[in-house]
Every structure is written in structure tokens, then in C-alpha cells.
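Remember, it's 1-based here, ligands and their atoms both numbered in the order they're listed.
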Amino acid sequence: MPIKNICCLGAGYVGGPTCSVIALKCPEIKVTVADLSKERIKQWNSDRLPIYEPGLDEVVMSCRGKNLFFTNDVHAAILEADLIFISVNTPTKNFGNGKGRAADLKYVESAARLIADIAKSNKIVVEKSTVPVRAAESISKILMANQKPGITYQILSNPEFLAEGTAINDLLYPDRVLIGGEESPSGKEAIEALCSIYEHWITRKNILTTNTWSSELSKLAANALLAQRISSINSLSAVCEATGADISEVARAVGLDSRIGPKFLQASIGFGGSCFQKDILNLVYICECLNLPEVASYWQQVIDMNEYQKSRFTSKVIESLFNTVTGKNICILGFAFKKNTGDTRESPAIYVVKTLLDEGASLKIYDPKVLESQIIEDLTYPAICESPEEVMKNVMICKDAYSAAKECHAIVICTEWDEFTALDYNKIYSEMMKPAYIFDGRKILDHQALVDIGFYVQTIGKRLNRPAELRCWNSSPGVI
Ligand code: NAD
Ligand code: UDX
């Protein structure tokens, strides 16, 4: 039977964009995105969407009110749906067994229980959230234990591979869509029903079908392998700084090997975002539970290297500023975890800012898309700070990069926003304290041009051309 009504539980970074694109490509299907949060749904129904994602506004505006709906009426949305995506959050557990590593599945479970309570007709339930291997079994158990007469459920795994900042493009032109399900006739029928939705815009050869557990594990594996590349290149960036090799040259040289490839080899202050750390910690926990300690510690190293990179970079900032930042003004350019998003979850900027604040610095922060309220929330969250008022005394949130840099001793680039490459650094230099420093944590600036202006420059994975004998604190401007 063709799918006529889709419901998505969870109107977040995945549920919102994914269902908007499905609505765009399947005009004959009614797509309802349901969330428990009143605030989030209000924003989805307003002119200012709750997330910033290039291209998203246009897609939502062209479908909303026609075949795309955002609602808090979870009950009605589940009742009328033929197919339900579970797109709720699966954060790292912060209590009890597996604290700090295991995925907290309470939202997935609550979604499954809602479906079990409300459903009065057959449903295909699709796990879109990233979950531990065999999570579909738990969803299935909850549904089957509460099954009403005559109602059947099929559970599919359909992990999402979109990256923030490029979500719409990733959804329109995915490398592949992955669908896992049971190998029984009804399992195959459910897989076909979901395939038929994606086939509105994706060719069949790019839709991969597997068994449920392979599909669940593939999502964790993809994120682990992507993050592993970043940790690998970041580990080599430390070798470059110690030897005089240049990490961009190394990345280019190795990336031209077609077996390695050029993507995801950009050295940085460390990876952030809501997925990589959470999903690797989850994988580590699963391996420990499966009594595979060697595998667990192998993947743990990817996280450890990321922590090392963040602290290595921040220590370098402090050391370069004569080992003290107390009372110094430091400008932070970028607070989001990557460009083209306003998302700050696990952003390395939070670590950098927090450490500099602990050292007594005064910070002026500018990010083109992150809301001031979000920065304040991140910096005063009880888990990282006991005295919010004290912290915010030393933080100013600025409206543009020029006012943020004015009268600062140093600029620290934490996010690779394009607009930071087009700034007038002559003007910025003239209004800064001297000596003026730039720490480019994203390797986006023209370092030699900055040195020529008079800046002291540091970046990741490269010692800039300054003769070793001149490398002392009182020498002329250049690179330390
Ligand atoms: P999110 O926090 O932005 O959104 C989750 C939403 O689910 C929230 O709005 C929350 O209120 C809602 N919710 C929780 N329980 C609910 C319930 N029972 N019924 C209805 N709504 C409920 O999370 P996200 O970033 O969209 O991530 C969702 C899942 O997708 C996670 O498992 C994540 O790992 C995975 N994922 C995320 C990305 C990404 O780029 N953010 C990419 C791929 C996969
Ligand atoms: C990631 C995965 O890419 C995506 O497939 C999955 O669905 C969700 O998790 P996301 O976290 O949104 O997506 O962004 P991504 O582009 O992967 O970047 C993650 C972090 O790694 C960012 O902080 C980014 O700046 C950093 N990064 C990325 C690097 O430091 N170097 C790189 O070469 C690439």
C-alpha cells in the first residue's frame, strides 16, 4: 500500500530538514513533524526557523501549510501516519550505568511508547536517530508487548548521514541512503515502502538495503571513521609544528593517493558537533559491553587525540601571550562548531573560551549565526561553571568582527566562517594592542600577509617562515 501520511517524531536538526525535503520531493504525501517542545514548533511555524541551515528556509516556505506541517499534537500525527520516523535526540548518558559513554535512549523509548499507546492501525516505524546496534530490538519489544489486536508493526533502520551546514544539499544528493530491515516478506515489503519515498529523487542504485544490525552499526562506523581521519591529521599537525613540515602540504600529498582521498583531512582545533564524540563514546561503550576491550581502547584514542588537540592549541595561545592572559582582552572569532550553522553543541570554541576565562582573560566573542543567548547558556551551564555572573563579567558578545577585535591583545579563530577571510586586517591591526597576535585555529587566513602587516601569527600544523635565531619574545613582528 503506498505511503500517504508520514509523521516524524522530533523536529530537530535531522527531523526538520529531512522531512522538509521529503515534503518537497513527494507532494502527494502529507508530512507532519511533531515535537513535544512548544517553543521549537512555534519557531518552525514562524518566519525565523529554529535552526540556521543554508537553503532550508526556501524548502520550508515552499511546502509549509501545503503538505508539510509542524505540530505539538503528537497524538493526531501518530494516529494518521502510515510511516513514522523516530528522529529524537540520543545524547550521551550523564548518569548511572554507562555514564559519560552510553547513548541515553530514554527519548527513543518514550517515542516507541507513544506509538504503542496511540496507534490504531498498522505502522512502519523507522529509526532515524543514531542508536546503538540492536536498538531496533528494544523498539520492537516495546511495540509488540503493547500490541493491540489486528495492528502490525515493522521496524526499519534508516540512519541519517547529513552534515550540518550542508544538510539540504546532502539530503537532495546523498552519497547513499541506507535502509535496514527484517529479511521476512513483511520486512521486505516495509523496506520497499520506504524505498519508494526516496525513489522520488534518488536513483535505486544509491539506495542500499541491509539487515537491521548492519544498518545501525554502519552509522556509528561512518562517524567513527570520519572522526578518526580528523584525529589522525591533527596528530600529524603536532609533528609538523615540531619539525617544520606543513600539515596542508602533507594532507595534499597523502590525499592525492586515490586510496586515501582528499576529504576530511583539514587539521583544526579539533572536531565538534553533536555527533562524533557522542557516537564514538557509544561505540566504545558497546565494545566494552561486548568484552572487546582492545577495540574499545582503539576508538577511545580518537576522542583522546581530539581532547589533546583542543588543549594543545589553547596552551599555545597562553604560552605565546607571555604565559599569562590575566586581564588581557582576547577576541574570539567564531563560536559554532563549524561554519554555516548556528549549532554550538560540543563546539571546540567552548573549550577554548572556558580555558581562557579560567586563566583570567576578558573575552570579546563574535559569531555570525550563534545567538547571544546560546553563547551565554554554553558558558554558564552549571556543569562547567558555578558562578554564571562572574563568568559573564568577563565576556562581551559583539555584533561584528571589527568591534570584537578592537583593543584586543589577540584574535583566536575558532570557526572557519568565510567572512573571516575577507576582513580588513590592516584596519583590525591598527586598532589592536601591540604586539598583536592572531591564532588561526582553522587555517583559513593568508598568514604571510598577516605577518607583513605586523601580526604575530600562529596556526595549526605549520611553523611560519621566521628564522630560528629571531624566535624570541622581543624580536620584530612575525611568527613565534
Ligand atoms: P535535536 O536535539 O536537534 O532534536 C531532537 C528533537 O526530538 C527535540 O526537539 C526534542 O524535543 C524531540 N523529542 C524528544 N523526545 C520526543 C518525543 N517522544 N516525541 C516527539 N519529539 C521528541 O537532535 P538532532 O540533532 O536532530 O538529532 C536527532 C538524532 O539524529 C540523534 O540521534 C542524532 O545522533 C542523529 N543525527 C544527527 C545529525 C546532526 O547533524 N544533528 C546527523 C545525523 C544523525
Ligand atoms: C557529522 C557527519 O559528517 C555526518 O555524516 C553525520 O550525519 C553527523 O555528523 P557534522 O557533525 O554536522 O556531521 O559536521 P562535519 O562536517 O562532519 O564536521 C564535524 C566536525 O569536524 C566540525 O567541528 C568540523 O569543523 C570538523 N572537521 C571536519 C575538521 O576539523 N576537519 C575536517 O577535515 C572535517
Which residue and atom name correspond to the protein heavy atom nearest [atom], and how close is it?
atom	answer
atom 30 (O) of ligand 1	Val14 CG2, 3.5 Å
atom 1 (P) of ligand 1	Arg40 NH1, 3.5 Å
atom 18 (N) of ligand 1	Ser110 OG, 3.0 Å
atom 24 (P) of ligand 1	Tyr13 N, 3.9 Å
atom 6 (C) of ligand 1	Asp35 OD2, 3.5 Å
atom 35 (C) of ligand 1	Thr130 OG1, 3.4 Å
atom 40 (O) of ligand 1	Glu164 OE2, 3.2 Å
atom 25 (O) of ligand 1	Arg345 NH2, 3.0 Å

Which one holds for Leu265 and ligand 2: side chain close, backbone close, both close, or neither close, with close meaning a heavy atom under 4.0 Å?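 Contact part for Leu265 vs ligand 2: backbone (N, CA, C, O).
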Taking non-hydrogen atoms only, is Lys219 closer than 4.0 angstrom to ligand 2 via side chain, backbone, both or neither?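 Under 4.0 Å from ligand 2, Lys219 contributes side-chain atoms alone.
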Between the side chain of [X] and the main-chain N/O of [Y], is any donor-acceptor distance below 3.5 Å?
X	Y	value
Thr209	Ile179	no
Thr344	Ser347	no
Arg229	Lys263	yes

Quick check: does [X] get an N/O under 3.5 Å from an N/O on ligand 1?
X	answer
Lys219	no
Lys128	no
Glu160	no
Ser37	no

For ligand 1, which atoms, with element, lie under 4.0 Å from some heavy atom of [X]?
X	answer
Ala34	20 (C), 21 (N)
Lys278	33 (C), 34 (O)
Ala111	18 (N)
Gly12	1 (P), 3 (O), 4 (O), 26 (O)
Ser274	41 (N)
Tyr107	14 (C), 15 (N)
Ser87	5 (C), 28 (C)
Gly10	6 (C), 7 (O), 12 (C), 20 (C), 21 (N)

So if I apply the side-chain contact (heavy atoms from CB on, under 4.5 Å) rule between Thr90 and each of Asp104, Val108, Asn282, which one comes out positive?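 Single side-chain contact (heavy atoms from CB on, under 4.5 Å) partner of Thr90 among Asp104, Val108, Asn282: Val108.
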To which of [options] does the heavy atom nearest [atom] belong?
atom	options	answer
atom 25 (O) of ligand 2	Gln266, Arg442, Glu416	Arg442
atom 17 (C) of ligand 1	Leu36, Leu9, Val108	Leu36
atom 29 (C) of ligand 1	Asn89, Val88, Thr90	Val88

Hey, which atoms in ligand 2 end up nearer than 4.0 Å to a heavy atom of [X]?
X	result
Glu164	12 (O)
Cys275	8 (C), 9 (O)
Ala163	3 (O), 12 (O), 13 (O), 14 (O)
Glu160	7 (O)
Ser268	29 (C), 30 (O)
Gly272	19 (C), 20 (C), 22 (C), 23 (O)

Test item: [X] and [Y] side chains (from C-beta on) under 4.5 Å apart, heavy atoms:
X	Y	value
Asp378	Phe335	yes
Ile84	Ile124	no
Cys275	Glu164	no

Give a yes or no on whether a salt bridge exists between [X] and [Y], defined as a side-chain N under 4.0 angstrom from a carboxylate O.
X	Y	value
Glu416	Lys443	no
Glu160	Lys128	yes
Lys106	Glu109	no

Sub-3.5 Å N/O-N/O distance, Phe161 and ligand 2: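 Such a contact does occur with ligand 2.
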Chi angles and distances behind the salt bridge (Lys or Arg N to Asp or Glu O under 4.0 Å) call for Arg113, Asp117: CA-CA 6 Å; Arg113 288 189 186 279; Asp117 280 353; over 6 Å; no
So is Val74 in contact with ligand 1, going by heavy-atom distances below 4.0 Å?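 No.
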Test side chain to side chain donor-acceptor pair (under 3.5 Å) applied to Arg312 and Gln309, step by step: CA-CA 5 Å; Arg312 204 170 71 76; Gln309 188 75 349; 3.2 Å; yes
Mind running side chain to side chain donor-acceptor pair (under 3.5 Å) on Gln301 and Tyr308 for me, showing each step along the way? CA-CA 10 Å; Gln301 274 296 306; Tyr308 171 67; over 6 Å; no
Using every non-hydrogen atom in the two residues, find where Tyr366 and Ala404 come nearest and quote the distance to one decimal.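 Heavy atoms only, the tightest pair is CB-CB, 3.9 Å.
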Measure up the Phe276 and Phe271 rings against each other and bin them: parallel (under 30°), tilted (30 to 60°), perpendicular (over 60°).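 The rings of Phe276 and Phe271 stand perpendicular, inter-plane angle above 60°.
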Within 45° cone and under 6.0 Å: Lys369 NZ/CZ vs Tyr52 ring: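 Verdict for Tyr52: a cation-pi partner in Lys369.
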